[in-house]
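Worksheet: one structure, shown below.
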Amino acid sequence: MIHGIDARLHQAVLDTFEATFGKRPADRQIQIQTTRAEFEGDRTLVVFPLAGMAGAPPHVAADALGQALTEACDWISGFNVVKGFLNLSLTDACWNAAIQEALTLPNWGHAPTGSKSQVMVEYSSPNTNKPLHLGHLRNNFLGYSVSRILEAAGHDVKKVQIINDRGIHICKSMVAWQKLGQGETPASTGEKGDKLVGRYYVAFDKAFKAEVAEGVANGLDPKEAEAASPMLQEARTMLQRWEEGDEEVVALWKTMNGWVYEGFDATYNAMGVSFDKLYYESDTYLLGKKHVEQGLADGVFFQKEDGSIWVDLTDDGLDEKLLLRGDGTAVYMTQDIGTAILRFADFPDLDRQVYTVGNEQEYHFKVLFLILKKLGFAQAEANHHLSYGMVELPEGKMKSREGTVVDADDLLLEMRNTARSISDELGKVDDFSEDDKVQLATQVGHGALKYFLLKVAPAKSMMFDPKSSIDFFGNTAPFIQFNVVRCKSILRNTGATTSTLTWDQATPLDAAERHLAAGILGFPDVVQEAAASYDPSLIANHCYDLIKAFSSFYQDHPIAKEEDAATREARLGLTALVSETVSNGMAMLGIDMPERM
RNA sequence: GGCUCUGUAGCUCAACUGGAUAGAGCAUCGCACUACGGAUGCGAAGGUUUGGGGUUCGAAUCCCUACAGGGUCACCA
């Protein structure tokens with residue numbers, strides 16, 4: 001959809017078709033698309049779907065419709081027919097009017113805030129024992145970007161994450177730190193808190209495996225050896241003490257979690273993401289229990305002899321699923337049921353929620369949503385799993401055991417360093433202060449990484465090769481930033497602003513100018529599509545196409561140097577709109593546009 | 001094995017949701033310009049859209065089938 005033109009064209013086709021053939025087509029039969037470059041014209045009507053109703057072969061109907069449209073609309077200057085495609089040429093006035101209208105509208109591409117419903121987006125939600133890695137970067141950038149896109153589309157968005165701060169795995173790092181830590185703290189070692197805790201989680205695993213190996217060597221079978229491991233027994237004991245509220249354990253738990261949160265916050269800050277509300281499992285894990293027990297009382301679930309509670313999903317083509325252990329303790333599903341219901345209670349106006357979680361949990365969410373439905377939960381249909389593919393390395397999946405994990409902090413740093421060295425080499429910002437240089441390296445380096453991860457459709461798993469580092473040229477954020485900086489420079493030098501630009505609507509626009517206009521005017525519709533499909537890659541690709549068209553246009557079209565006054569103003573108008581469109585689009589991906597680079 | 005996602009140029013990805021001769025970037029080769037900002041532009045080469053069938057005016061897209069790869073089917077999270 002080209003803003004300001006296609007809606008009018010759509011209406012004109014309906015009216016003209018009815019006047020010509022005596023019947024009115026359905027809206028969905030009107031297909032308008034951009035005319036391919038090899039043909040004459042601006043917009044193309046696909047006539048095949050209308051031929052039957054017109055009672056004529058497609059090219060005959062197209063010809064008749066073209067005649068009638070050109071006569072009826074003074075803004076259509078001509079037409080030609082190729083097979084069933086009706087190519088329509090629009091007048092300069094039509095294009096100029098649409099561009100000028102766009103210039104007067106604020107915040108191009110954004111629908112009015114609050115014009116749509118309230119939506120919750122959950123993302124990040126990491127395991128607190130493991131420092132953030134490349135996969136988390138994709139998750140965070142995706143969740144944050146989808147939030148921004150939904151906002152731009154007019155939704156009121158609440159960004160949340162659930163922090164997985166309880167359970168046996170947390171106790172593992174606590175036990176290891178107690179036994180091996182010798183009082184180390186982030187302050188004493190200078191290590192980031194999440195890295196420090198992660199190190200002890202690994203240390204636990206190593207010690208545990210050694211104990212199991214020893215047990216096996218002494219003749220136990222592997223399962224017995226695991227159960228006999230003193231380390232594991234200590235962790236279990238600690239979990240019990242934690243659940244009982246033991247002061248000493250809770251104090252240690254708070255301290256170590258505090259270290260992790262401090263470390264994560266630093267990484268979130270670097271990533272440029274944020275949250276409106278945090279949920280902690282330690283607060284919510286008991287909530288699901290009462291819903292499960294209610295479900296049992298209502299006969300939706302059933303109980304086994306050991307007291308465990310299950311749901312039977314075999315009628316839905318799935319299995320039986322455990323909801324509550326025999327000893328009454330919660331499992332993952334239990335607390336997800338509780339949390340889902342809690343969120344709708346916390347936000348009474350909430351229309352739906354979106355879970356940004358990797359595709360390995362598709363089964364889990366399918367089951368969760370089904371259970372909510374069986375429980376008769378009113379908003380059971382209002383949940384969506386935004387599933388995304390893994391980031392793979394050339395050797396396959398990331399494996400912490402094999403040391404192939406790409407650490408988020410390390411990668412972000414490397415991106416900043418690369419951006420900095422390119423920038424220093426080019427020497428265009430030698431007059432910048434050190435702080436400004438650091439900021440620029442962050443905008444460019446992090447921008448390149450975000451764009452790299454977001455330009456791929458979420459559903460696809462994607463390849464990341466650490467050896468061939470992320471590009472700064474070609475289809476990349478730095479290329480886009482460079483061209484926006486160029487636009488800004490031209491506008492700065494001429495003093496042109498969107499409010500001062502004005503030109504005669506009869507000013508001729510050539511193919512390149514019309515192509516730019518189409519890219520600009522198509523943007524609001526792309527934002528809506530991206531919001532509807534939770535897909536930032538649509539925004540990325542649209543912005544890239546537009547800025548590439550501008551870069552090509554710039555090469556052989558003088559802008560500030562153009563001598564014809566009206567043409568100059570029109571080109572400045574296009575330049576301002578390209579800059580605004582692309583800047584707004586990149587902001588929806590969490591990517592900043594510098595003033596200079 | 002069941003369910004599910006994916007398969008497009010040497011590589012990494014697009015393709016307006018069924019539309020015209022499947023497009024970009026990287027890599028390779030060539031050309032242009034002391035550039036209103038060169039982190040540039042233009043061109044060449046590169047494709048039986050994994051194979052086979054079907055649906056129709058029209059298929060990378062929908063259906064069937066075979067093959068290949070990922071995910072999942074835990075009293076883990």
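Computed from a predicted structure; not experimentally measured. A note on names: the letters A, B, ... follow the listed sequences, proteins ahead of strands, and every chain is numbered from 1.
Between B:G37, B:G23, B:G41, one nucleotide has an atom nearer to the side chain of A:S552 than all others, and that is B:G41. Counting only heavy atoms from C-beta on, A:M462 has its side chain closest to B:C13 among B:C13, B:U40, B:G37. Of the candidates B:U40, B:A77, B:G37, the closest approach to any side-chain atom of A:F473 belongs to B:U40. Across B:U6, B:A24, B:G70, the shortest atom-to-atom separation from the side chain of A:K460 is found for B:U6. In this structure, the nucleotide among B:A20, B:A77, B:G41 sitting nearest to the side chain of A:E281 is B:A77. Considering only the side chain of A:R486, B:U40 comes nearest among B:G19, B:U40, B:G71. The side chain of A:E360 sits closest to B:U72 out of B:G25, B:U72, B:C36. Side chain of A:E38, nearest nucleotide from B:G37, B:A20, B:G70: B:A20. For A:P49, the listed nucleotide lying nearest its side chain is B:G19; candidates were B:G19, B:C36, B:U21. Proximity note for A:R596 (side chain, C-beta onward) versus B:G37, B:U12, B:G41: the nearest is B:G37.
Judged by a 6.0 Å distance limit and a 45° cone about the ring axis, A:R138 is not positioned over the six-membered ring of A:Y388. Cation-pi geometry between A:K321 and A:W310 is not met at under 6.0 angstrom from the ring centre and within 45 degrees of the axis. A:Y554 carries A:R486 over the face of its six-membered ring, with the cationic atom under 6.0 Å from the centre and within 45° of the normal.
In this structure, A:Y554 packs face-to-face on the six-membered ring of B:C36, meeting both the 5.5 Å centre cutoff and the 30° plane limit. Aromatic stacking is marked for A:F48 over B:G19, as both cut-offs hold: 5.5 Å for the centres and 30° for the planes. Residue ring and base: A:Y363 does not count as stacked with B:C73 (centre distance below 5.5 Å and interplanar angle below 30° not both satisfied). With centroids closer than 5.5 Å and planes inclined by less than 30 degrees as the test, A:F85 and the base of B:G19 fail to qualify as a stacked pair. Under the stacking definition used here (centres under 5.5 Å, planes under 30°), the residue A:F482 fails to qualify as stacked on the base of B:G37.
Going from atom CZ of A:F365 over to atom P of B:U72 covers 14 Å, rounded to whole Å. Between the CG atom of A:N87 and the C1' atom of B:G19 there is a distance of 12 Å, given to the nearest Å. Rounding to whole angstrom units, CG of residue A:L86 and P of B:A20 are separated by 16 Å. When rounded to the nearest whole Å, the span between CG of A:N483 and C1' of B:G25 equals 14 Å. Separating the NZ atom of A:K289 from the C1' atom of B:C75 is a distance of 14 Å, rounded to the nearest angstrom. The interatomic distance linking A:I559 (CD1) with B:G41 (P) rounds to 14 Å, in whole Å. For the pair A:I168 CD1 and B:C76 P, the computed distance is 10 Å after rounding to whole Å. The distance from atom CG of A:N475 to atom C1' of B:C13 is 8 Å, rounded to the nearest whole Å.
Backbone-only engagement by A:V456 is indicated by non-hydrogen atom pairs under 4.0 Å involving sugar-phosphate atoms exclusively. Contact annotation for A:N127: no contact, since no heavy-atom pair falls under 4.0 Å across all strands. Counting any heavy atom pair closer than 4.0 Å across all strands shown, A:F39 reaches a base atom. A:A51 comes within contact range of no nucleotide atom at all, as no heavy-atom separation falls under 4.0 Å. Residue contacts for A:D465: at a heavy-atom cut-off of 4.0 Å it reaches no nucleic acid atom on any strand shown. Within the nucleic acid shown, A:V485 comes within 4.0 Å of at least one base atom, counting heavy atoms only. Note on A:H557: a base of the nucleic acid sits closer than 4.0 angstrom, heavy atoms only. Contacts of A:Q33 with the nucleic acid, taken as non-hydrogen atoms under 4.0 Å apart, include base atoms. Among the atoms of the strands shown, none is found under 4.0 Å from any heavy atom of A:E320.
Here the separation of B:U4 from B:G43, taken at their C1' atoms, is 44 Å to the nearest Å. Distance check on atom P: B:U50 versus B:U8 gives 6 Å, rounded to whole Å. B:G51 sits 11 Å from B:A60 when the P atoms are compared, rounded to a whole Å. The same atom, P, is picked in B:G1 and in B:G19; the two are 35 Å apart, to the nearest Å. For the C1' atoms, the distance from B:G46 to B:U12 is 15 Å, rounded to whole Å.
At B:G41, one or more side-chain N or O atoms of A:S551 fall inside 4.0 Å of OP1 or OP2 (strictly under the cut-off). Distances shown here put every side-chain N or O of A:R166 at or beyond 4.0 Å from the OP1 or OP2 atom of B:A77. A:R325 has a side-chain polar atom (N or O) that falls below the 4.0 Å cut-off from OP1 or OP2 of B:C76. A sub-4.0 Å separation between OP1 or OP2 of B:G23 and a side-chain N or O of A:N541 is absent. Neither OP1 nor OP2 of B:G25 sits under 4.0 Å from any side-chain N or O of A:T476.
Judged by distance alone, the side chain of A:S229 and the main-chain N or O of A:L232 form a donor-acceptor pair under 3.5 Å. Checking side-chain atoms of A:S125 against main-chain N and O of A:I162 turns up a donor-acceptor pair under 3.5 Å.
Rounding to the nearest 0.5 Å places CG of A:L454 at 9.0 Å from CG of A:L449.
Here A:N257 pairs with nothing under the side chain to side chain donor-acceptor pair (under 3.5 Å) rule; sequence neighbours left out.
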Q. Could you spell out the base pairing of RNA chain B in dot-bracket, with Watson-Crick or G-U pairs whose two distances are under 3.5 Å, [ ] crossing and | to another strand?
A. (((((((..((((.....[...)))).(((((.......))))).....(((((..]....))))))))))))....
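Judged by distance alone with a 3.5 Å cut-off, a donor-acceptor contact links the side chain of A:T44 to the base of B:A20.
For residues 44-58 of chain A, the side-chain hydrogen bond (donor to acceptor under 3.5 Å, both in side chains) pairs, not counting sequence neighbours, are A:T35-A:T44, A:T44-A:N87.
For the pair A:D510 and A:R514, the salt-bridge criterion is not met [side-chain N within less than 4.0 Å of a carboxylate O]. With respect to A:R568 and A:E563, no salt bridge is recorded, no charged nitrogen being found less than 4.0 Å from a carboxylate O. Salt-bridge check for A:E226 with A:K209: failed, with every basic side-chain N at 4.0 Å or more from each acidic carboxylate O. With salt bridges taken as basic N to acidic carboxylate O contacts below 4.0 Å, none links A:R571 and A:D564.
Nucleotide B:U17 is shown with a syn base, its glycosidic torsion being within 90° of 0.
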